[in-house]
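Here the structure is a predicted model, which means the values were calculated and not measured.
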Amino acid sequence: MGGTDQLHRNSGGKSRFKFDFKKSTRGGDLLVFIICLGIATVFWLFLSLYDEVEKDYDVPFEIENLPDSIVIVDPLPQTINVVVQGKGVQFLRFLWHDLPALKVNFENYSSSSGYFSIPRQKFDGLFRDYFGQGVKIVSIRPESVRSIYTSNVGRKLPVIIKCDLQPNMQYVISGPVKSDVDSVMVYSATDLPRDLAAVETYPVVKSGLKDTTELIVKIRPVEGLRIIPDQVKLTVPVEPLIAKKRTVPIDVVNVPDDVRLITFPSSAEVSYLVPMSEYGRETSLKLFVDFGAIDRASQKVRVQAIPGAAGLKNLSFKPDSVEYIIEAKQGIEPDLPVNTQQDESNAE
């Protein structure tokens, strides 16, 4: 033990593992193996870069120098799918960055007849310049591009939103669905149809909404026309419903001038669900009993809510019927409602 402690002190408290690793046979073999593996990997990568490979790319497509007065009527593809063949080293610059756009000059591919056109042969040349002359173009989709363009003035038309949106249980759509645009510009190479008064979106159906939601909805295209923009962003306001209780007085309606109707009780406890943002606001709510609905055979009359209260969620009130007393004014005998069924039975 004493010799071991002396050795530890002579080493300054440092571990002897590194020293033993270098001196041991196994450690030397492992180090040689790691170095050889690294060299082999570098050579493999170097050689593989000069192997023939086939790559598939979706290249962004853009038109440059398009005059402000010109509108492309038929939609052009946003990307061109191209399969290319070449040495791996030729594609290194596309590994770590987004693909640059293939940009073409409008004037180079437009004609006086009103067409913008790029045939397959032109695409081959464009993509050889894009990837490098040593690259073979295997396939291009679409193989060509052709579209009508126009300088005609467009027409502004409203957008009709076609949607069926449903909130989840205990939630509510708390306001109108808003669109970021309410109208679009419509262009045509010929005269616009006179009966075209509006454009509409594709139908969108969503259910189970639990929070305010944004939706991107495409506008339904019209053949031969260009619609700008071709989509709208909808904002659907959704809020949770929370329970609220109030005490509301019970009014009396349709009472003749010579009587007075007194109800017991004269108010009811109302409960309903409201959107969270509306909780602090007093909702317009009215309860009443109808003098004309009194049945003399019963000691109670039904309590009703104004028709507008039907918009409240889960509306209920207690009591739903009340007792009543009819009093004559200034000693005049009250003119009570006639119970038709009872009078007919007495007549029999």
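Comment: D320 does not engage R302 in a salt bridge, judged by the lack of any side-chain N to carboxylate O separation of less than 4.0 angstrom. Salt bridge E327/R260: present, at least one basic N to carboxylate O contact under 4.0 Å. Taking 4.0 Å as the cut-off between side-chain N and carboxylate O, K318 and E269 do not count as a salt-bridged pair.
Taking both residues in full, the closest heavy atoms of I148 and D74 are given as N-OD2, 3.5 Å, listed atom of the first, atom of the second, then distance. Counting all heavy atoms, side chain and backbone alike, A197 lies closest to L157 at O-CD2, 3.7 Å. Across all non-hydrogen atoms, the minimal contact from F288 to I306 is CE2-N, 4.0 Å. L126 and Y109 make their closest contact through CD2-OH, 3.5 Å (heavy atoms, listed as atom of the first residue, atom of the second, distance). Minimum heavy-atom separation, S188 to V73: C-CG2, 4.5 Å. The minimum heavy-atom distance between G154 and L192, with the atom names listed, is C-CD1, 4.5 Å.
A 4.5 Å side-chain heavy-atom check between F123 and V82 finds every atom pair outside the cut-off.
Between the side chains of S277 and E239, at least one donor N or O sits under 3.5 Å from an acceptor N or O. Side-chain contact annotation: S151 with S69, donor-acceptor N/O pair under 3.5 Å absent. A donor and an acceptor atom, one from each side chain of D164 and Q166, are located under 3.5 Å apart.
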Step-by-step side chain to side chain donor-acceptor pair (under 3.5 Å) determination, T247 to S267: CA-CA 7 Å; T247 299; S267 61; 5.8 Å; no
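At most 12 non-hydrogen atoms from other residues, nucleotides or ligands lie less than 6.0 angstrom from CD of Q78.
Two rings, from F131 and Y57, have their centers less than 6.0 Å apart.
The cluster map of Ile, Leu, Val, Met, Phe, Trp and Tyr, joined by side-chain heavy atoms under 4.5 Å apart, puts Y187 and I227 in different clusters. In the hydrophobic clustering of ILVMFWY residues, with side-chain heavy atoms under 4.5 Å counting as a link, L99 and V84 come out together.
Using cut-offs of 30° and 60° on the angle between ring planes, the pair Y130 and F94 is parallel.
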